[in-house]
Amino acid sequence: MPLRVESISKEQTQQPLRSLFLLYHELRSSQSRYSYVIETGLFERHMDLFVQLRKTNRFGLRPELTFDDGHRSNYELAAPLLQSRGLTARFFITVEWTGTKTDYMGWAELRSLQETGFPIGAHGWTHKLLTHCSDDELKTELSKSRLMLEDKLATSITTMSLPGGRYDRRVLAACMEAGYTQVYTSVPQAECLPLGATVGRLNISGSMQPEWIAKLFNPDGRVLAKLGRQYRMKEAAKKLLGDRLYAGIWALVNRKEPGTDGGGGGAE
Ligand SMILES: [Zn+2]
């Protein structure tokens, strides 16, 4: 039977068609020289922009928030600011660091986040770049981390964020084999709804002003397309130079210690 146009409500036709996922790491109450740390006041201005964008939603591109690594500022600073604005975010956790690494969340904080309604996903066991892992190491990074999160949080874990954003076909196959249905990458691109098996994200640095971020949501999509081109060039450079040399150069340019956050990869 042909679909009758009048059966589609006005509300349905106005539903957003695409999402742009944004990736945050750590918040601090003061400015930091590290590019993955965002100052709390600037983060609040980002959140105010997202509230406005989600309300007006004029262009059908909707901001969605994610955090990688499990830094304790996610719980102490970001979660209350998100809640106060009616926003949510998905928190991806490096499981071995939970309750063991200084300045990272413990299980009590993760349970509290989950009970508040924030979804939790995995970000590997040790944050090792998955493209560098043997088959056994992939099992640890993907299955051990998922099972531990499920055991400790008593919930099903089906999303995985790739450390350093690194992946290839073997890694994606291993993610699916380990029980993940969605894999979050660092490819800056808008995603159509419903989401597919991989979800691109834009990595947010502490120098990005809300005025610039707002341009990503312009209907012409030019700023986002330019970022996509830059990302592909960066990936080509990584292939050419190798991960280690690339990470060293990246750390110099971005004022970040290799081996922190990126877990040996530097970026993301
Ligand atoms: Zn990470």
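Residues: numbered from 1 along the sequence shown.
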4.5 Å side-chain heavy-atom contact, [X] and [Y]:
X	Y	answer
L195	Q182	yes
I213	I204	yes
R232	V187	no
T66	H123	no
R166	H132	no
L216	L227	yes
N203	H25	yes
M47	L87	yes

Verify, without hydrogens or angle tests, whether [X] (side chain) and [Y] (backbone) share a donor-acceptor contact under 3.5 angstrom.
X	Y	answer
S145	L142	yes
R28	T40	no
H46	M208	yes
D168	V171	yes
T158	T181	no
E150	I157	yes
E141	L138	no

Closest approach of [X] to [Y] (non-hydrogen atoms, all atoms of both residues):
X	Y	answer
L77	S29	CD1-N, 4.5 Å
A190	L61	CB-CD1, 3.7 Å
G206	L42	O-CD2, 3.2 Å
M176	A197	CE-CB, 3.7 Å

Hydrophobic cluster identity match, L147 and W107, side-chain contacts under 4.5 Å = no
Do Y231 and W212 belong to the same hydrophobic cluster, where Ile, Leu, Val, Met, Phe, Trp and Tyr are linked whenever their side-chain heavy atoms lie under 4.5 Å apart, directly or via other members?
-> yes
Tell me, yes or no, whether the heavy-atom count around E76 atom CD, taken from other residues, nucleotides or ligands under 6.0 Å, exceeds 12.
-> yes
Check whether more than 12 heavy atoms from other residues, nucleotides or ligands sit under 6.0 Å from atom CD of Q209, and answer yes or no.
-> yes
Listed by chain and number, what are the side-chain hydrogen bond (donor to acceptor under 3.5 Å, both in side chains) partners of E39, not counting sequence neighbours?
-> none
Who passes side-chain hydrogen bond (donor to acceptor under 3.5 Å, both in side chains) against T185, sequence neighbours left out?
-> none
Intermediate values then yes/no, side chain to side chain contact (heavy atoms under 4.5 Å, CB included), S186 and L162 = CA-CA 8 Å; S186 303; L162 301 162; over 6 Å; no
Would you mind checking if [Y] and [X] are paired as a salt bridge, meaning a charged N to carboxylate O distance below 4.0 Å?
X	Y	answer
E64	R54	yes
E137	K128	yes
E211	R45	yes

Side-chain donor-acceptor contacts of residues 111-120 below 3.5 Å, not counting sequence neighbours, with atom names and distances?
unit_1: R111; atom_1: NE; unit_2: K152; atom_2: O; d: 3.1
unit_1: T116; atom_1: OG1; unit_2: S112; atom_2: O; d: 2.6

Ring pair (Phe, Tyr, Trp, His ring centres under 6.0 Å): pairs with one or both residues in residues 139-183, sequence neighbours excluded = none
Scan residues 182-205 for pairs that pass ring pair (Phe, Tyr, Trp, His ring centres under 6.0 Å), counting only residues two or more places apart or in two chains.
-> F21-Y184, F92-Y184
In sequence, state the C-alpha distance, the side-chain angles, and the governing distance for Y24 and F43, and then conclude on ring pair (Phe, Tyr, Trp, His ring centres under 6.0 Å).
-> CA-CA 9 Å; Y24 290 87; F43 179 76; 5.3 Å; yes
Would you list the pairs meeting side chain to side chain donor-acceptor pair (under 3.5 Å) in which at least one residue belongs to residues 79-88, sequence neighbours left out?
-> E44-R85, D48-R85
Dump the intermediate steps for side chain to side chain contact (heavy atoms under 4.5 Å, CB included) on L22 and F50, then the final yes or no.
-> CA-CA 11 Å; L22 306 157; F50 299 147; 3.1 Å; yes
Does the side-chain hydrogen bond (donor to acceptor under 3.5 Å, both in side chains) test come out yes or no for T131 and R170, once each step is laid out?
-> CA-CA 8 Å; T131 45; R170 174 175 158 263; over 6 Å; no
Distance (rounded to the nearest 0.5 Å) between [X] [atom1] and [Y] [atom2]:
X	Y	atom1	atom2	result
R229	L224	CZ	CG	10.5 Å
M160	R146	CE	CZ	11.5 Å
Y104	N74	OH	CG	9.0 Å
S156	L149	OG	CG	11.0 Å
W125	T98	CH2	OG1	8.0 Å
F217	R18	CZ	CZ	10.0 Å

Might you work through the side chain to side chain contact (heavy atoms under 4.5 Å, CB included) test for F67 and L27, ending with a clear yes or no?
-> CA-CA 10 Å; F67 285 78; L27 268 68; 3.9 Å; yes
Criterion side chain to side chain contact (heavy atoms under 4.5 Å, CB included) on S161 and R201, from CA distance to verdict = CA-CA 10 Å; S161 147; R201 293 181 297 174; 2.9 Å; yes
